[in-house]
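Read the structure below first, then the notes.
Convention: sequence-line order gives letters A, B, ...; per-chain numbering from 1.
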Protein chains: 2
Amino acid sequence: MPVRDEVDDLVEAWTRERSDLDLAPVEVFSRISRLARLLDLARRKAFADHDIELWEFDVLAALRRAGGDYELSPGRLIRETLVTSGTMTNRVDRLTGRGFVERLPDPNDRRGVLVRLTPDGREAVDGAFEALVAAERDLLAELPAKDRRQLAGLLRRLMTPFS
Amino acid sequence: MPVRDEVDDLVEAWTRERSDLDLAPVEVFSRISRLARLLDLARRKAFADHDIELWEFDVLAALRRAGGDYELSPGRLIRETLVTSGTMTNRVDRLTGRGFVERLPDPNDRRGVLVRLTPDGREAVDGAFEALVAAERDLLAELPAKDRRQLAGLLRRLMTPFS
DNA sequence: CCTAATTATCTTGATATCAAGATAACGGTC
DNA sequence: GACCGTTATCTTGATATCAAGATAATTAGG
């Protein structure tokens, strides 16, 4: 055990209190949760310089990744970002207010809407993404490439039972 | 690459659009974020049978782990659960309303307060924790013990630059 | 001691989120 | 072609969260 982290303390405490349970899952999932929380804070900070909120990035990045004319339906955005429809309506409203996206009628489905990235939105998300990748690279700096790949592979396998 | 996950699609899309960037960090951190999100949903479901919300568990579990007389200050609870003081005040209020915790004056510091788990609270958190560990065990079932330990170790190393 | 800086908790006001339901259009079936 | 279950999006109402500030007690310095 090279270093000790907060989860080692947490598991030790649980072990003291509940030695009847197998706490192996906690070793993995507590770290996932805590890392995600800390990562959120780090991302927020990386985006602050670019005047972009985390939720804004989530939506803009999905559109940017789509490529082509940077259009996706709200439904698709919902699935990509794992939020509810009410939340997405609200997000698209506010991003429209900032001039980062615009709503278009879907030519193939009159119920449907397409959300399109504007040039301003594209510029914003590209800058933010570069800052994000740079910040994350620093956080990974301690981990050799081999370990990093192994970690990514193990995380991929961990994701399968969820889908 | 045994199976393909959502993040493989995401990275492929980013690679198509931004081949100028090294996307190795995304392979790791996107999976962390997405796993945490999916894990939240799974936990919520595991707790639903026990009529416990996720935020309630976070607070009750911190008190339960403390052992002894199950008392912690709000400040300590804030640090354990990574929320703001306003949030914690509100959480303790609501848990008090449910009879799961009670507030006591700190005998050593007249500014201070101690939050103590009640017997009802202890019963609730113990049941919820058992359900949580069982649910997480199922999610880990595919991963051999050796891989699980390796994953926990890599995650521990990933946590160090955050603290 | 007395003051100033710090620490601990709570309050306030604004806001993002969710769950549930409303509205409207699609697509298959009879 | 009319019906009906499904799908896509938006609306509404309630609520949990955060940031900033208020209050009160402790601690450290002079």
Side-chain angles (χ1 to χ4, degrees), chain A residues 33 36-38 40-45 47-48 51-60 62-63 66 71-98 100-116, chain B residues 33 36-38 40-45 47-48 51-60 62-63 66 71-98 100-116:
Chain A
S33 286
R37 184 106 189 152
L38 294 166
D40 267 7
L41 296 173
R43 283 175 168 159
R44 205 173 304 224
K45 210 165 129 192
F47 291 148
D51 192 30
I52 285 277
E53 306 272 339
L54 208 49
W55 62 264
E56 293 179 304
F57 178 80
D58 281 345
V59 178
L60 297 177
L63 294 169
E71 288 176 3
L72 289 176
S73 68
R76 179 72 188 280
L77 288 170
I78 286 168
R79 286 186 293 277
E80 296 265 346
T81 60
L82 303 176
V83 298
T84 62
S85 64
T87 296
M88 188 51 68
T89 299
N90 186 263
R91 287 184 174 187
V92 172
D93 285 348
R94 284 177 286 156
L95 286 169
T96 302
R98 286 197 70 177
F100 285 166
V101 305
E102 55 193 346
R103 253 187 264 250
L104 308 169
D106 183 334
N108 301 317
D109 184 340
R110 272 189 300 172
R111 294 168 304 179
V113 167
L114 289 176
V115 180
R116 172 153 67 190
Chain B
S33 287
R37 184 104 190 152
L38 294 166
D40 267 7
L41 296 174
R43 282 175 170 158
R44 203 173 306 225
K45 209 165 129 192
F47 291 148
D51 193 29
I52 286 277
E53 306 272 340
L54 208 48
W55 63 264
E56 294 179 305
F57 178 79
D58 282 344
V59 178
L60 297 177
L63 293 168
E71 288 177 1
L72 289 176
S73 68
R76 179 74 189 280
L77 287 170
I78 286 168
R79 286 186 293 279
E80 296 264 348
T81 60
L82 304 177
V83 298
T84 63
S85 64
T87 297
M88 190 51 68
T89 298
N90 185 264
R91 286 184 175 187
V92 173
D93 285 348
R94 283 177 286 154
L95 286 168
T96 303
R98 285 196 70 177
F100 285 166
V101 306
E102 55 194 346
R103 254 186 264 249
L104 309 169
D106 182 336
N108 302 316
D109 185 339
R110 272 189 299 170
R111 296 169 302 178
V113 167
L114 289 176
V115 181
R116 172 153 66 189

Criterion salt bridge (charged side-chain N to carboxylate O under 4.0 Å, His left out) against B/E56, the qualifying member of B/R98, B/R43, B/R44: B/R98

Would you say CZ of A/R94 has more than 12 non-hydrogen atoms from neighbouring residues, nucleotides or ligands within 6.0 angstrom? yes

Given protein heavy atoms under 4.0 Å, the one-letter contact record of nucleotides 5-17 of chain C, with B base, S sugar-phosphate only and - none, is simply --BSSBB----SB

Shortest non-hydrogen contact between B/V115 and B/L63, atoms and distance: O-CD2, 3.4 Å

Between the main-chain N or O of A/V59 and the side-chain N or O of A/R91, is there a donor-acceptor pair closer than 3.5 Å? no

Report yes if a side-chain nitrogen or oxygen of B/R110 is closer than 4.0 Å to either non-bridging phosphate oxygen (OP1 or OP2) of D/dA24; otherwise report no. no

Please find the pair of heavy atoms, one from B/F47 and one from B/I52, that lie closest to each other, and give the distance. CB-O, 3.1 Å

